[in-house]
Visitor: 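Can you keep this structure in mind? I'll have questions shortly.
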Amino acid sequence: MPNMQPEKTPVREQEPKVRARNFKEVSSCYTDAEALNEAQRCLNCKNKPCVSGCPVGVRIPEFIEKIREGDIPAAYDIIKTTNGLPAVCGRVCPQESQCESKCVRGIKSEPVGIGRLERYCADYMADKAPKSEKPAPNGHKVAIVGSGPSGLSCASDLAKLGYEVTVFEAFHTAGGVLMYGIPEFRLPKATVQREVDGLRALGVEIRTDMVIGKILSVDELFEMGYEAVFIGTGAGLPNFMGIDGESLVGVYSANEYLTRTNLMKAYLDDYDTPINHEKKIAVVGGGNVAMDAARSALRLGAEKVYIVYRRSADEMPARREEVHHAVEEGIEFRYLTNPVEILGDENGKVRGLKCVKMELTEPDQSGRRGVKPIEGSEFELETDAVIMAIGTSPNPLIRSTTKGLETNRRGCFVVDENMLTTREGVYAGGDAVTGAATVILAMGAGKSAAKSIDEYIKSKNNC
Amino acid sequence: MFKILGKRELNEQVTLMEIEAPLIAKKVRAGQFIIFRIDEYGERVPLTVADRDTEKGSITIIFQKVGRSTIMLGNLNEGDFILDVVGPLGVPTEIPEGAKKVAVIGGGVGCAIAYPQAKALCNSGIEVDVIAGFRNKDIVILEDEMRAVSTNYYITTDDGSYGTKGFVTNKLQELIDAGNHYDAVIAIGPVPMMKFVCAVTKPYGIKTIVSLNPIMIDGTGMCGGCRVRVGGKIKYACVDGPDFDGHEVDFDELMKRNSAYRDIEQHDREHICRLTGGVVNA
């Protein structure tokens, strides 16, 4: 008989006031008892709607059943068959719009806490997971460009099939956005490192400090004997608004602010990378990256942090949990507000953000409500830093150095349903194809590409 | 890990290092740069590549020991290792088409970056006049190397202790006044120097290329920290540069942006335990 408790089993969290001043993880992992209690809420539906909501098709009811049976290693193995990065996904997936949105329990009460259970399995196994056995090599080489979520999942699937996989990473550390973008308090870097180490144990070679398009071209990768190339270079170029004052000292892209903090660990005294500890910070944007930047700013000692978002709360693309955490921590949300100019002092430093109030317009044909400025509603927010978190675009380094790779007008690679680009043997996925999206969608794309690459290499070699 | 194959002090402040990096050596062109990270705790610091040796598989960097990371790098010796070296980054210098005579101007340690440019021009059969400027005689670097790749080599010092007394701009003006016709000027040095060189060349419409070195992290266009205003548009020095048309660059804004971490850097210089404490590569 399932546990009919209407709410998810709560997860322990650091007190908002305390956690807003440290970089430790906000949420704890379920205890064994909590996990069991939550697992018992699953109805084990025959048609498994939750699985259809997962971009990588995790066999959700099956792994939850194993938790109920107390066999956590078996639960973990089930997750791992389709998801190479459970510790990551359990923490950062937008479950509320994916698996959990389809959960039958969610119709009358709260859905099963699938994300929390996934994380529980991964964390439970963190120090127990046996080193993956290296599969027998099949003698074929594949190059993967970028070690973010799409590259890692593609590498993982291909390595399991026996391919000799090399991942090329431009930074000094593998992990892509999981390392430079998502903060420690949401996704501990040791967790990401463990997943990357797991790939190495599978035989994947990871070469850092390698900017493909500069040190080696895609053509040279083929010359080196790689039979296929997967491009998972993400959407790394930060967008700015194009308003006056964006070159002032104290204006950052969220990428810069987060990279200094997360990858370069500027918040720790031992590390050399500098970061300015501004006191009043406005973060422009309403996505997860904006939440991450705002919450990092608090932890770096800011006294006042604003989120400035031009639409209303209902349109905000950030995960509900992130917004909820941000509000709890004391971040002030200025909805229906749009910056028009960043104001500077005589030294070229930010002294304020001039904004205009916005109002929602009637829904357009797509049903989305637009916004327009309210005339004469300009006002100034006093800030000493502004962080732009209004999206990113794909990096042109590869498309500009590789012939025959078509991109669309936003600079994203054009691929077919098999993730094949317009060039034979070259596949792409993740944000480099879709523009900025989620970790799990990128992982799903990496998986699809791995399947296509396997089929391509097999058919080419008649095996 | 990247091995230091050789080290030479060019003056009290400036060090030359040859680093084993065969893949970079094969690809790098004049004007491009690398980013190094000295150890696990280090910053990512951009440095222009001064030379390469494809047979040895090495690149040469020349740096002034001004900040935490460059001081620490200067403490390393032949046989030591640098944790990360990534490159080549940026766009190689474009030799102006059809140019017959070019003036290459280096200010201080900027000569380290001007040198590969002069060499590349010289190798393509272009006549090169080098103007190298220093504060005084004690800090002159790369004189022999520059002489070897230039038709005329002029040196200026602020105090007149060597070469002509004055600034590179005085010498440049003098050469132009004397009837020298330059198809282009390449100027590399402190931002004010580049700004004033551009002021000299602008009335004559001489194309002037400057090499910028703003604050950056990744060097691949990702952080946007190195944005500079060129011709009214925002450019990223790491992927669009580091060379730009000097007549289009907003130097005043660049100087302000380069001061973003000055307070922290000042604090670093006063607190130098890790710089000299021997924990490098510990």
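In what follows, every heavy atom counts, from backbone to side chain, and hydrogens, waters and symmetry copies are set aside. Naming: A, B, ... by sequence-line order, numbering from 1 per chain.
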Visitor: Under the 3.5 angstrom rule, does the side chain of A:T392 hit a backbone N or O of A:A235 as a donor-acceptor pair?
Guide: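 A pair under 3.5 Å: yes.
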
Visitor: Side chain, backbone, both or neither: which part of B:L254 has a heavy atom under 4.5 Å from chain A?
Guide: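 Neither part.
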
Visitor: Is A:I275 in contact with chain B via its backbone, its side chain, both, or neither, using a 4.5 Å heavy-atom distance?
Guide: backbone

Visitor: Using a 4.5 angstrom heavy-atom cutoff, name the option from A:L258, A:T208, A:N347 with the most pairs to chain B.
Guide: A:N347

Visitor: Okay, side chain of B:R29, backbone of B:E94: is any donor-acceptor separation there less than 3.5 Å?
Guide: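 Checking the backbone N and O of B:E94 against the side chain of B:R29, no donor-acceptor pair under 3.5 Å is found.
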
Visitor: For chain A, which of B:Q32, B:E253, B:M255, B:M216 has the most heavy-atom pairs under 4.5 Å?
Guide: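 If we count pairs closer than 4.5 Å to chain A, B:E253 comes out on top.
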
Visitor: Would you mind checking which part of B:K256 comes under 4.5 Å of any heavy atom in chain A, side chain (CB onward), backbone (N, CA, C, O), both or neither?
Guide: both

Visitor: Using a cut-off of under 4.5 Å for heavy-atom pairs, which of B:E40, B:K27, B:M222 has the most such pairs with chain A?
Guide: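 Looking at each of B:E40, B:K27, B:M222 in turn, B:M222 comes out on top.
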
Visitor: Which residue in the set B:K7, B:E9, B:Q64 passes side-chain hydrogen bond (donor to acceptor under 3.5 Å, both in side chains) when paired with B:T15?
Guide: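 Answer after filtering B:K7, B:E9, B:Q64: B:E9.
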
Visitor: Which label fits A:Y252 and A:Y257: parallel for a plane angle under 30°, tilted from 30 to 60°, or perpendicular past 60°?
Guide: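 The arrangement is tilted - the two ring planes meet at 30° to 60°.
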
Visitor: Using non-hydrogen atoms and a 4.5 Å limit, figure out which bit of B:R37 sits close to chain A: side chain, backbone, both or neither.
Guide: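 Looking at B:R37, just its side chain touches chain A.
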
Visitor: Donor-acceptor pair, distance only, cut-off 3.5 Å: does the side chain of A:K189 make one with the backbone of A:L187?
Guide: yes

Visitor: Measuring heavy-atom distances to chain B, does A:S217 have an atom under 4.5 Å in its side chain, in its backbone, in both, or in neither?
Guide: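 When you check distances to chain B, only backbone atoms of A:S217 fall under 4.5 Å.
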
Visitor: At a 4.5 Å cut-off on heavy atoms, which part of A:L268 comes close to chain B: side chain, backbone, both, or neither?
Guide: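 No part of it gets close to chain B.
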
Visitor: Where on A:K214 is there a heavy atom nearer than 4.5 Å to chain B: the side chain, the backbone, both, or neither?
Guide: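 Both parts, backbone and side chain.
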
Visitor: Determine, for A:E246 against B:R227, whether the closest basic-nitrogen to carboxylate-oxygen distance falls under 4.0 angstrom.
Guide: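 Answer for the salt bridge query: no.
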
Visitor: Tell me, side chain or backbone of A:L237 under 4.5 Å from chain B's heavy atoms, or both, or neither?
Guide: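 Looking at A:L237, backbone and side chain both touch chain B.
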
Visitor: Between A:L263, A:N255, A:D209, A:L397, who has the most heavy-atom pairs with chain B when the cutoff is under 4.5 Å?
Guide: A:D209

Visitor: Measuring heavy-atom distances to chain A, does B:L23 have an atom under 4.5 Å in its side chain, in its backbone, in both, or in neither?
Guide: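 Both parts, backbone and side chain.
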
Visitor: Examine whether an atom of B:R229 lies under 4.5 Å from a heavy atom of chain A, and if so say whether it belongs to the side chain, the backbone or both; otherwise answer neither.
Guide: side chain

Visitor: Under 4.5 Å between any side-chain heavy atoms of B:T48 and B:N213, yes or no?
Guide: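 No, every pair of side-chain atoms sits at 4.5 Å or beyond.
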
Visitor: Which one wins on heavy-atom pair count under 4.5 Å against chain B: A:R260, A:M388, A:K265, A:M264?
Guide: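 That would be A:R260.
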
Visitor: Side-chain contact test, heavy atoms from C-beta onward, threshold under 4.5 Å: evaluate it for B:V109 versus B:V66 and give yes or no.
Guide: no

Visitor: Where do B:I24 and B:G87 come nearest, in terms of heavy atoms and distance?
Guide: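 For B:I24 and B:G87, the tightest heavy-atom pair comes out as CG1-O, 3.6 Å.
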
Visitor: What part of A:E169 lies closer than 4.5 angstrom to a heavy atom of chain B: side chain, backbone, both or neither?
Guide: neither

Visitor: Is it the side chain or the backbone of A:N276 that comes within 4.5 Å of chain B heavy atoms, both, or neither?
Guide: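 It is both, since atoms from each part get that close.
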
Visitor: May I ask you to decide if B:I217's main-chain N or O and B:R44's side chain share a donor-acceptor pair within less than 3.5 Å?
Guide: yes

Visitor: Just by distance, do the side chain of A:R200 and the backbone of A:V196 share a donor-acceptor pair under 3.5 Å?
Guide: no

Visitor: Flag the one option from A:S247, A:P396, A:A170, A:G250 with the top tally of heavy-atom pairs under 4.5 Å to chain B.
Guide: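 Of the options given, most contacts go to A:S247.
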
Visitor: Does any heavy atom of chain A fall under 4.5 Å from the side chain of B:V85, the backbone, both, or neither of them?
Guide: backbone

Visitor: Relative to chain A, which segment of B:F36 carries a heavy atom at a distance below 4.5 Å: side chain, backbone, both, or neither?
Guide: neither

Visitor: Provide the closest heavy-atom pair for A:F230 versus A:G429 in the form atom of the first, atom of the second, distance.
Guide: CE1-N, 3.4 Å

